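What follows is a single structure, written as structure tokens, with notes after it.
The shown structure was predicted, so the numbers you read here are calculated from the model rather than taken from an experiment. Below, read A as the first sequence line, B as the second, and so on, with proteins coming before strands; counting in each chain starts at 1.
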There are 2 protein chains.
Amino acid sequence: MEPINVFKALSNETRLKILEWLKEPEKNFPKQGAHLPKDVSYKGGVCVGDIQEKAQISQSTVSSYLNMMQKAGLLESIRHGQWTYYRRNEEFIQELAKYFKTEI
Amino acid sequence: MEPINVFKALSNETRLKILEWLKEPEKNFPKQGAHLPKDVSYKGGVCVGDIQEKAQISQSTVSSYLNMMQKAGLLESIRHGQWTYYRRNEEFIQELAKYFKTEI
DNA sequence: TTGACATATCGAAAAATCCAGATATATAAT
DNA sequence: ATTATATATCTGGATTTTTCGATATGTCAA
């Protein structure tokens, strides 16, 4: 775990919002599921396009944000067809909260 | 509380170290107290010069770092004579850990 | 296999951050 | 009053971040 990279990832309004939105995907991305194939249950995963629409920033920006957050450990992703679904890496985030409590 | 500013303040190796050093001031700044007047008991406060020496960065940089961390809420300071003593704002940091646990 | 769509990567301009030296200010000592 | 010391503020060049449009890649559908 690289705390500096985590904090950098969290140092941006949009990225912080994305992380919060992904806590309640079905609430914040209601139309999600339209293209989510039934045979897949990537619980909580939201595709890039839906996140972009909600965040109101360019496609390239949202893509690199998500990549950055994933590299920091905050998110995980899976590709399904032409969609990439991102969701929170709750295990990592839990460790992070522990780190925060004990080390900060 | 402005989480973004907190995360920005934490997004730097030196500032992160300072925050950690200040968890155990008497251990990390052993000579501290030489100029700390007896009649003052600013528990845990360390003066700018001592922090600068330990961090090995310029005086102006350490001063603005400390100011930034204080504005973010992480530190608090008190002036005593020609010295400014900085220490952790534990109350704020505790709230922060709570915020982190519940909001992140 | 061609076209359409989702996402990733590239390249660049603008803005922000980093960090130092120079200078200003506040306090203490003489 | 003058000088010395600690800290704060100012200025600015170097580096990094932000964010976009353009382009590339991967996948599905016709």
Less than 3.5 Å apart, any donor N or O on the side chain of A:S58 or A:T61 sitting next to an acceptor on the other?
yes

5'-most by nearest nucleotide on DNA chain D - A:Y65 or A:G81
A:Y65

C:dG21 base / B:S58 side chain donor-acceptor hit below 3.5 Å
no

Considering every strand and a 4.0 Å limit on heavy-atom distances, what is the contact class for B:S63: base, sugar-phosphate, or nothing?
base

Check side-chain contact (heavy atoms from CB on, under 4.5 Å) between B:K17 and all other residues, then give those that pass, not counting sequence neighbours.
B:E13, B:W21

Have a look at B:S60 and say if it touches a base, only the backbone sugar-phosphate, or nothing, with a 4.0 Å heavy-atom cut-off.
base

Nucleotide C:dA26, atom P - distance to CD1 of B:I78 in whole Å
18 Å

Determine yes or no for a side-chain-to-main-chain donor-acceptor pair under 3.5 angstrom, with A:R87 supplying the side chain and A:L75 the backbone.
no

Among C:dT7, C:dC18, D:dT18, the one nearest any side-chain atom of B:R15 is C:dC18

Rounded to the Å, how far apart are A:L16 CG and D:dT18 C1'?
16 Å

For the pair made of CG in B:N12 and P in D:dT16, what is the distance, rounded to whole Å?
13 Å

Roughly how many Å is it from CD in A:E13 to C1' in D:dT17, rounded to a whole number?
16 Å

What is the distance from NZ of A:K71 to P of D:dT17, rounded to the nearest Å?
13 Å

B:T61 vs C:dA20: side-chain N/O to OP1/OP2 distance below 4.0 Å:
yes

Would you please classify the geometry between the A:F7 ring and the A:F100 ring as parallel, tilted or perpendicular, with 30° and 60° separating the classes?
perpendicular

Side chain of A:I57 only, please: which of C:dA8, D:dC20, D:dA8 is the nearest?
D:dC20

Atom-pair distance (CD on B:Q82; P on C:dT30), nearest Å:
11 Å

Hey, is the side chain of B:Y86 poking within less than 4.0 Å of OP1 or OP2 on D:dA8, counting only N and O atoms?
yes

B:K8 atom NZ is separated from D:dT18 atom C1', nearest whole Å, by 11 Å

Please assess A:L74 against A:L10 for the test side-chain contact (heavy atoms from CB on, under 4.5 Å), listing each intermediate value before the final yes or no.
CA-CA 9 Å; A:L74 294 165; A:L10 297 173; 3.8 Å; yes

Looking only at N and O atoms, is any donor in the side chain of A:Q59 or the base of C:dA8 less than 3.5 Å from an acceptor on the other one?
yes

Should B:R79 be listed as having a side-chain N or O under 4.0 Å from OP1 or OP2 of D:dA6?
no

Check the phosphate of C:dC18 against B:S64, side-chain N and O only, distance under 4.0 Å to OP1 or OP2. Yes or no?
no

Length of the CD-P vector between A:E53 and C:dT7, whole Å
12 Å

